[in-house]
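Predicted model only: the values in this text are computed from it and were never measured. What's counted below: heavy atoms across the whole structure, side chains too, no hydrogens, waters or symmetry copies.
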Amino acid sequence: MSYNKLTLKTNAAIEIGNVISYYASKNIILAKKIEKEIRLGFKMITKNPDNFQCRYANVRIFWLGKFPYGLYYIWENNEINILAFWHSKEDLPNKISKIL
C-alpha cells in the first residue's frame with residue numbers, strides 16, 4: 001500500500017542538504033550515491049512506513065544502507081513526516097526531545 005503524502009520538515013531538509021554538500025566537497029560521486037540512497041529511503045518509507053524500526057514514541061527510523069545516517073519519521077493518518085536526518089553516532093536522545 002502506498003501513502004501519497006510525504007512531508008520533509010525544514011530541519012530535515014537542511015540536514016540532508018548539509019550532508020550532501022559535505023560529501024560533494026569531498027567527492028561528487030559520494031554525494032550522488034548518498035542522494036540516491038536518500039531518495040530510495042523516501043520511496044521505501046512511502047510504500048511500507050510500518051516496516052521500519054520504531055524507536056522513540058512514534059518516531060521510526062529508516063537507516064541508509066551504505067552511509068551511517070537515518071531518516072527519522074512519524075507516520076500518522078496516512079501522512080509521513082520526515083522529522084530529521086541524523087548520523088548514527090549523534091546523541092539522539094537529546095535531539096529527539098527537540099523534534100517531538
Taking the side chain as everything from C-beta on, heavy atoms only, tell me whether E76 gets closer than 4.5 Å to N58.
yes

Report yes if the side chains of I38 and L64 come closer than 4.5 Å at any heavy-atom pair, otherwise no.
yes

Could you check whether any side-chain heavy atom of K33 comes within less than 4.5 Å of a side-chain heavy atom of F67, counting everything from C-beta outward?
yes

Would you say F42 and L71 make side-chain contact, with heavy atoms under 4.5 Å?
yes

Please tell me whether L40 and Y73 are part of a single hydrophobic cluster in this structure, the criterion being side-chain heavy atoms less than 4.5 Å apart.
yes

Residues E35, R39: salt bridge by 4.0 Å N-O rule:
yes

Taking the side chain as C-beta and beyond, is there a heavy-atom pair between I74 and R60 under 4.5 Å?
no

Using 30° and 60° as the class limits, which term best fits the ring planes of F85 and Y69: parallel, tilted or perpendicular?
parallel

Would you give the length of the straight line joining atom CG of D50 to atom CH2 of W75, rounded to the nearest 0.5 angstrom?
4.0 Å

Quick one: pull up CG in L6 and NZ in K43 and give me the separation to the nearest 0.5 Å.
13.5 Å

To the nearest 0.5 Å, tell me how far I16 CD1 sits from W86 CH2.
12.0 Å

Supply the atom-to-atom distance I20 CD1 to N18 CG, rounded to the nearest 0.5 angstrom.
10.0 Å

Does the side chain of F62 reach to within under 4.5 Å of the side chain of M44, using non-hydrogen atoms?
yes

Using a 6.0 Å cut-off, check whether atom CD1 of I29 has over 12 heavy atoms from anything other than its own residue.
no

How many angstroms lie between NZ in K9 and CG in N81, if you round to the nearest 0.5 Å?
4.5 Å

Enter the distance from T10:OG1 to L83:CG here, rounded to the nearest 0.5 Å.
11.5 Å

